[in-house]
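Whatever order the structure lists ligands and atoms in, that order sets their numbers, starting from 1. Only a predicted model underlies this, so the values are computations on that prediction, with no experimental measurement involved.
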Amino acid sequence: MPHSKPVVAVIMGSDSDFDIMKESVKILKQFNVPVNVQVSSAHRTPERTAAFASSAREQGFQTIIVGAGAAAHLAGVIAAHTTLPVIAVPIDATSMRGLDALLSTVQMPGGIPVATMAIGKAGAKNAALFAVELLSLTDSTLKDALDRYRADSQASVQKKSDAIAKEAEQI
Ligand code: RP5
């Protein structure tokens, strides 16, 4: 599976975004979803960005995750060139701590949707889980894997709760 054709692209505006966007890559790899990772900027490499987005469906991609900080127009630009689902992660890259990227990304005018996640690592993780959820609509193996992921997450909360209850008894 890791050698199959990528179905999800993770695009970021700068290599400085990778520390956050690797959270998306980790989740996609955990679910054995073939992923293509690229740096492409809406303002520094506009032609490259448009060329990728315009041909993404043809290339076999089913969804695109986009991370960008500052005046973050990358997800909107990519969405303008494709009708594939675009999932965005606003990144904390300036003194505005990601609020600039969040507002630039989430406030898309009607007609060109961008599904915007939370700022930072939680958003990058959820972007990948959301992509897996989309893929699971037509892939029952991924649906089963998501069910297992949720069950594991519930079990880990139960474990933490038991540990805290035990610690509280000692106070
Ligand atoms: C955005 O500007 C990038 O997505 C990044 O978050 C931010 C800063 O980029 P660098 O100056 O670190 O390349 O375009």
Side-chain angles (χ1 to χ4, degrees), residues 2-137 142 146 149 153:
H3 297 297
S4 349
K5 233 173 157 218
V7 289
V8 176
V10 174
I11 312 293
M12 61 209 85
S14 168
D15 58 347
S16 63
D17 298 326
F18 189 52
D19 186 46
I20 300 299
M21 295 314 294
K22 64 170 67 141
E23 299 302 317
S24 291
V25 178
K26 281 187 210 163
I27 292 284
L28 292 166
K29 293 211 165 178
Q30 190 177 331
F31 281 88
N32 288 320
V33 171
V35 57
N36 170 276
V37 182
Q38 293 182 37
V39 173
S40 195
S41 165
H43 49 277
R44 290 172 179 152
T45 59
E47 289 86 5
R48 172 183 153 82
T49 299
F52 166 75
S54 313
S55 64
R57 188 185 287 272
E58 235 169 76
Q59 289 182 57
F61 290 105
Q62 295 186 36
T63 203
I64 305 175
I65 295 174
V66 182
H73 38 265
L74 183 58
V77 166
I78 289 180
H81 289 281
T82 182
T83 50
L84 289 174
V86 173
I87 310 167
V89 182
I91 289 178
D92 170 0
T94 74
S95 53
M96 295 186 77
R97 302 172 67 183
L99 191 58
D100 43 3
L102 172 66
L103 295 178
S104 312
T105 306
V106 79
Q107 287 291 77
M108 283 299 288
I112 308 290
V114 167
T116 306
M117 301 289 124
I119 298 167
K121 287 189 176 180
K125 188 173 179 181
N126 281 344
L129 287 168
F130 194 65
V132 175
E133 288 177 356
L134 290 174
L135 296 170
S136 78
L137 293 171
L142 285 179
L146 281 166
Y149 183 88
S153 151

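The environment of CZ in Phe52 is crowded: more than 12 heavy-atom neighbours from other residues, nucleotides or ligands sit within 6.0 Å.
Among all non-hydrogen protein atoms, the one lying nearest atom 2 (O) of ligand 1 is Gly69 O, 3.9 Å. Here the protein heavy atom with the shortest distance to atom 14 (O) of ligand 1 is His43 CE1, 3.3 Å.
The Asp17 neighbourhood of ligand 1 comprises atoms 3 (C), 4 (O), 5 (C), 6 (O), with distances under 4.0 Å to a heavy atom of that residue. Within ligand 1, counting atoms from 1 as listed, the ones closer than 4.0 Å to a heavy atom of Ser14 are 3 (C), 4 (O), 5 (C), 9 (O), 10 (P), 12 (O), 13 (O). Listed by number with element, the atoms of ligand 1 under 4.0 angstrom from any heavy atom of Ala68 are 4 (O). Close approach to Ala93 involves these atoms of ligand 1, each under 4.0 Å from a residue heavy atom: 6 (O).
Val35 pairs in a side chain to side chain contact (heavy atoms under 4.5 Å, CB included) with only one of the listed residues (Ile27, Val10, Ile65), which is Val10. Leu134 pairs with exactly one of Thr63, Val7, Leu129 by the side chain to side chain contact (heavy atoms under 4.5 Å, CB included) rule, that one being Thr63. The only member of Val132, Asn36, Leu135 that meets side chain to side chain contact (heavy atoms under 4.5 Å, CB included) when paired with Val8 is Leu135.
In terms of modelled atom types and a separation under 3.5 Å, the side chain of Lys121 and the main chain of Asp19 share no donor-acceptor contact.
Geometrically, ligand 1 and Arg44 share a nitrogen or oxygen pair separated by less than 3.5 Å. For ligand 1, none of its N or O atoms has an N or O atom of Gly67 under 3.5 Å away.
The shortest heavy-atom contact between Phe130 and Ala115 is CE2-CB, 4.4 Å.
Within the 4.0 Å heavy-atom criterion, the part of Ser16 lying near ligand 1 is the side chain and not the backbone. Here Met12 has no heavy atoms under 4.0 Å from ligand 1, in either its backbone or its side chain.
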Residue pair Arg57, Thr82: steps toward the side chain to side chain donor-acceptor pair (under 3.5 Å) verdict: CA-CA 8 Å; Arg57 188 185 287 272; Thr82 182; 5.2 Å; no
